[in-house]
Amino acid sequence: MTDAIHNPADELPIKVAARDVTVSYSGKQALHNVSIDIPDRSVTAFIGPSGCGKSTFLRCLNRMNDTIEGAKVGGSLTIDGQEINDKSIDPVVLRASVGMVFQKPNPFPKSIYDNVAYGPRIHGLALSRPELDEIVENALHKAGLWAEVSDRLAHPGTSLSGGQQQRLVIARAIAVNPEVILMDEPCSALDPIATARIEELIDELRENYCIIIVTHSMQQAARVSQQTAFFHMGNLVEYGPTEDIFTNPRDTRTQDYITGRFG
Amino acid sequence: MTDTPDISPIRSAVSKNLGARYRAELRFRAAGLAAVAAAVGILIVLLSSIVSGGLPAFTVNELELTVDLEREVIDPLGDGSEESLRRGGYSRVLQSAMRAEFPEVQARRDLRNLFSLYTALNATRLMDEVLENPGLIGSRHVFTMPLADDLDLYLKGLLVEDRVLDTDGALSLSVEGDAVTVRSSATDFRDLAGEFARTLRARATLLEVEADTLAERAEGLSGNDAEDMLYDAELNRRRALDIRATLERDAGPLALDASLPSVLVEVDGRAVALTSIAADGATASGRFLLGSEPVDAMSDWTLYVIDTPAERRRVSDQLIVWTRALEARGVISSAFNTYLFANADSREPELAGVKGALFGSILTMIITITISVPIGVFTALYLEEYAPKNRFTALIEVNINNLAAVPSIVFGLLGLAVFINAFGLPRSAPLVGGLVLSLMTLPTVIIATRAALKAVPQSIRQAALAVGASRTQTVFHHVLPLAAPGILTGSIIGLAQAMGETAPLLMIGMVAFIADAPTLGLEGFTQPATVMPVQIFLWSDGAERAFEARTAAAILVLLALMIGFNALAIYLRRRFERRW
């Protein structure tokens with residue numbers, strides 16, 4: 001952990017606020033009345049056993065649930081005070097400001113350059129080729145990939161190693177300059193060295209973005225996050241500074257989970 | 001080593017089955033290998049039979065006649081106008097050129113025979129040449145036309161069994177009225193006479209055996225049937241007796257009739273067909289088929305035997321003699337069969353070509369591609385990427401799958417009812433054919449496209465959506481390009497199937513005999529046409545034997561077309577794949 005001892009949530013502004021968010025898939029409720037405040041410029045980890053609703057909640061934040069047939073989202077979800085489930089909010093606009101990184105690296109089967117440039121291109125963020133080059137280079141720098149790929153930007157993104165692919169995907173997400181980055185178990189398909197590299201990167205990105213990460217690894221949550229939320233059976237059981245959750249859990253279910261009694 | 005006893009029962013159990021497992025694997029591999037070998041073998045047999053059957057059709061024997069294009073014959077009005085030239089007597093021009101080759105042919109019947117060396121349709125071809133190049137009027141012009149189909153087959157050795165025998169003696173011909181006496185200084189005809197005598201004896205024996213069988217069967221019967229059989233038996237016996245009597249007559253000549261092979265003697269521009277061979281084996285009598293002058297002791301002559309008896313072939317000795325004479329004079333030459341590609345269908349095999357069907361196929365496929373591929377791909381895209389999954393879409397999906405299994409002739413009926421009767425589109429036109437084949441191909445294209453879209457990983461869609469791409473951008477930037485190779489493959493399979501389809505086209509009148517190729521342009525879509533598989537079907541039904549080879553040749557052309565089509569598809573697929 002870093003030297004920050006007190007709860008950063010007290011100092012940092014609230015970025016994402018959820019009130020009584022419920023999600024059901026074809027009538028089957030997957031998430032029950034989740035209310036949570038997530039601060040900006042920090043890493044918030046969602047932990048919990050499989051099927052607890054943490055990924056479902058994550059997908060609410062960029063409305064990826066819209067693409068799932070039969071999914072219904074209720075309650076209130078705001079980013080910077082703006083209701084995102086509002087009819088007036090276009091999911092395309094929302095997703096441009098809420099980037100997402102998936103469990104398995106999923107670069108487009110295009111060149112490294114085109115992978116990163118795709119978002120800026122469709123959103124029209126660059127007016128000229130040099131401008132686009134700059135955005136791409138910046139994003140790759142931020143994702144810590146520039147040194148490794150600067151000489152082979154035209155190579156296919158799929159030719160990279162798994163860890164590099166995941167960093168490429170992160171570069172692709174930050175190329176459109178989002179405010180929030182969602183990560184759905186970003187390291188579960190990677191080896192420990194690549195995982196360490198990604199965690200390092202997450203720690204660096206924290207300075208500029210609100211990062212929300214779903215993870216199965218409690219060590220990872222402890223290493224990278226400032227806040228941790230524990231989900232169980234569709235409920236948000238406990239939420240607080242990571243330190244407190246791991247050293248002094250209030251709920252017995254949290255305690256059982258982090259001590260390895262189930263999950 | 002303490003745990004060895006624990007493992008050994010498992011090991012022994014495993015190793016007990018091991019042999020059986022490996023044998024099963026070996027059997028399976030052997031079966032697979034055998035299947036592949038069988039498939040390759042069948043393919044080789046098929047291809048070699050088509051190729052060997054079709055190759056003769058790629059060459060043709062052509063007559064090169066010097067024709068005298070006299071102005072008064074081909075330009076009756078004398079003004080050189082198209083109207084006048086169209087009334088010209090081109091048949092007469094060709095006929096006089098043939099008569100110039102064989103001036104001794106005078107009798108009406110013989111002349112008609114002579115003119116059957118080529119088809120009368122060539123007069124039209126000569127007219128077209130003159131119309132195209134009016135400078136030919138009044139000149140002597142070398143006109144090339146294909147030899148009549150049967151004689152073409154004869155020269156290719158496909159019509160009759162024949163042989164040329166060695167001769168030892170010098171040949172003399174002496175003429176007494178109509179009859180010719182052929183004399184060789186050696187016994188050159190003796191072997192032939194002996195051979196024919198054996199043939200006749202065998203024939204007599206066969207007749208007697210048949211007579212005995214008939215008589216035996218008649219014994220158990222009574223009434224008219226028995227009487228008829230006994231009568232036939234008696235007839236056979238008499239015929240056998242006749243044959244034997246002729247053969248046994250001492251020193252009598254052996255008569256050659258239409259049931260025996262033809263024997264031709266060719267010497268110094270003359271040809272004689274033998275009618276009998278004398279017992280000495282050196283003398284024979286016959287009649288002139290070519291020339292009429294006697295010859296004295298020439299050692300350079302040919303004894304030519306056509307083993308297929310005259311009664312069992314379509315061309316007479318006379319036509320064969322003329323053909324051989326023209327070939328010897330260098331008037332006939334073998335060349336690549338340009339008629340096969342430059343002409344549309346014709347009643348005469350030597351002029352029939354695949355051009356009309358080829359153009360018809362191309363026009364039809366243009367319609368089919370432009371209609372079925374876009375509609376099919378976009379239907380699949382909508383159903384797969386946009387449509388909600390409910391009862392209605394499920395019903396549509398089931399129906400599309402069912403349509404793929406509907407017999408193609410049903411689509412032909414639908415085309416007849418809708419496109420021709422209801423919409424009033426022209427019959428036999430590539431437009432209607434293409435529309436009907438589109439209907440047939442659509443389900444295949446849709447199913448193939450949906451399968452290709454389903455095979456695109458969901459993660460790519462999520463990745464694009466998460467960056468902020470709209471659904472349509474996701475589909476067109478990522479999903480469709482990834483699915484393109486699969487879509488192409490499926491579409492090509494459907495289109496190749498359509499290209500080989502005959503049944504639905506029967507219904508809309510594309511099986512008609514069409515002697516003109518449609519133009520390769522916009523107006524060609526509504527002109528009457530036929531397509532390659534229909535042409536193959538029509539030719540396979542042709543009465544003339546020359547159509548046999550042309551059918552195989554047309555199959556080869558269709559196969560080449562298919563291979564070209566598939567090669568294009570593979571090329572396009574590679575290009576699409578390389579872009580990624």
Side-chain angles (χ1 to χ4, degrees), chain A residues 26 58-59 61-70 90-111 114-125 139 156-159 165 168-178 180-184 189, chain B residues 379-398 449-489 572-580:
Chain A
S26 307
L58 195 73
R59 280 201 299 268
L61 301 177
N62 65 348
R63 285 180 62 178
M64 281 298 266
N65 279 329
D66 290 13
T67 64
I68 297 169
E69 200 130 340
D90 194 302
V92 169
V93 178
L94 174 69
R95 285 174 203 148
S97 58
V98 183
M100 187 161 185
V101 175
F102 296 87
Q103 188 170 353
K104 271 194 198 142
N106 56 355
F108 299 130
K110 296 186 177 195
S111 70
D114 285 339
N115 259 288
V116 182
Y118 181 68
R121 266 197 192 125
I122 57 170
H123 296 305
L125 300 185
T158 43
S159 67
Q165 284 190 20
L168 176 65
V169 168
I170 292 171
R172 183 175 69 194
I174 56 188
V176 292
N177 210 12
V180 181
I181 300 176
L182 310 175
M183 295 186 176
D184 194 352
Chain B
T379 304
L381 267 181
Y382 179 77
L383 287 176
E384 203 54 49
E385 301 290 329
Y386 295 93
K389 304 273 176 286
N390 56 28
R391 273 161 183 269
F392 183 64
T393 48
L395 187 74
I396 289 179
E397 189 174 342
V398 167
T449 306
R450 292 192 70 172
L453 291 173
K454 275 203 183 96
V456 175
Q458 203 61 36
S459 65
I460 293 295
R461 291 186 184 83
Q462 284 181 345
L465 287 173
V467 180
S470 69
R471 226 164 178 181
T472 308
Q473 282 173 326
T474 305
V475 167
F476 283 92
H477 294 173
H478 301 287
V479 179
L480 199 55
L482 279 179
I487 295 173
L488 262 173
T489 311
L572 286 175
R573 201 164 61 199
R574 282 282 150 78
R575 268 201 55 155
F576 270 109
E577 274 171 352
R578 209 172 290 158
R579 273 179 52 190
W580 293 91

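In what follows, chains are A, B, ... by sequence order, proteins preceding strands, each numbered from 1.
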Interatomic spacing from CD in Gln462(B) to OG1 in Thr67(A) - rounded to 0.5 Å | 6.5 Å

In terms of heavy-atom proximity below 4.5 Å to chain B, should Val169(A) be classed as side chain, backbone, both, or neither?
-> neither

Does any heavy atom of chain A fall under 4.5 Å from the side chain of Pro388(B), the backbone, both, or neither of them?
-> both

Correct closest heavy-atom pair for Pro109(A) and Leu482(B) would be CG-CD2, 3.5 Å

So, do Leu465(B) and Pro91(A) sit near enough that their side-chain heavy atoms are less than 4.5 Å apart?
-> no

Side chain from CB out, backbone as N, CA, C, O: work out which of these in Val176(A) comes under 4.5 Å of a heavy atom of chain B, or both, or neither.
-> side chain

From CD (Gln473(B)) to CZ (Arg121(A)), nearest 0.5 Å = 12.5 Å

Side-chain contact test, heavy atoms from C-beta onward, threshold under 4.5 Å: evaluate it for Ile122(A) versus His477(B) and give yes or no.
-> yes

Side-chain donor/acceptor of Asn106(A) to backbone N/O of Ser459(B), under 3.5 Å = yes

Should we say atom OH of Tyr386(B) is surrounded by more than 12 heavy atoms from elsewhere, each under 6.0 Å from it?
-> yes

How far apart are the closest heavy atoms of Met100(A) and Ala466(B), and which atoms are they?
-> CB-CB, 3.8 Å

Supply the atom-to-atom distance Lys389(B) NZ to Glu69(A) CD, rounded to the nearest 0.5 angstrom.
-> 6.0 Å

Using the six-membered ring wherever Trp is involved, compare the ring planes of Phe108(A) and His478(B) and label them parallel, tilted or perpendicular (cut-offs 30° and 60°).
-> parallel

Do you know which two heavy atoms are closest between His123(A) and Val467(B), and how far apart they sit?
-> NE2-O, 3.0 Å

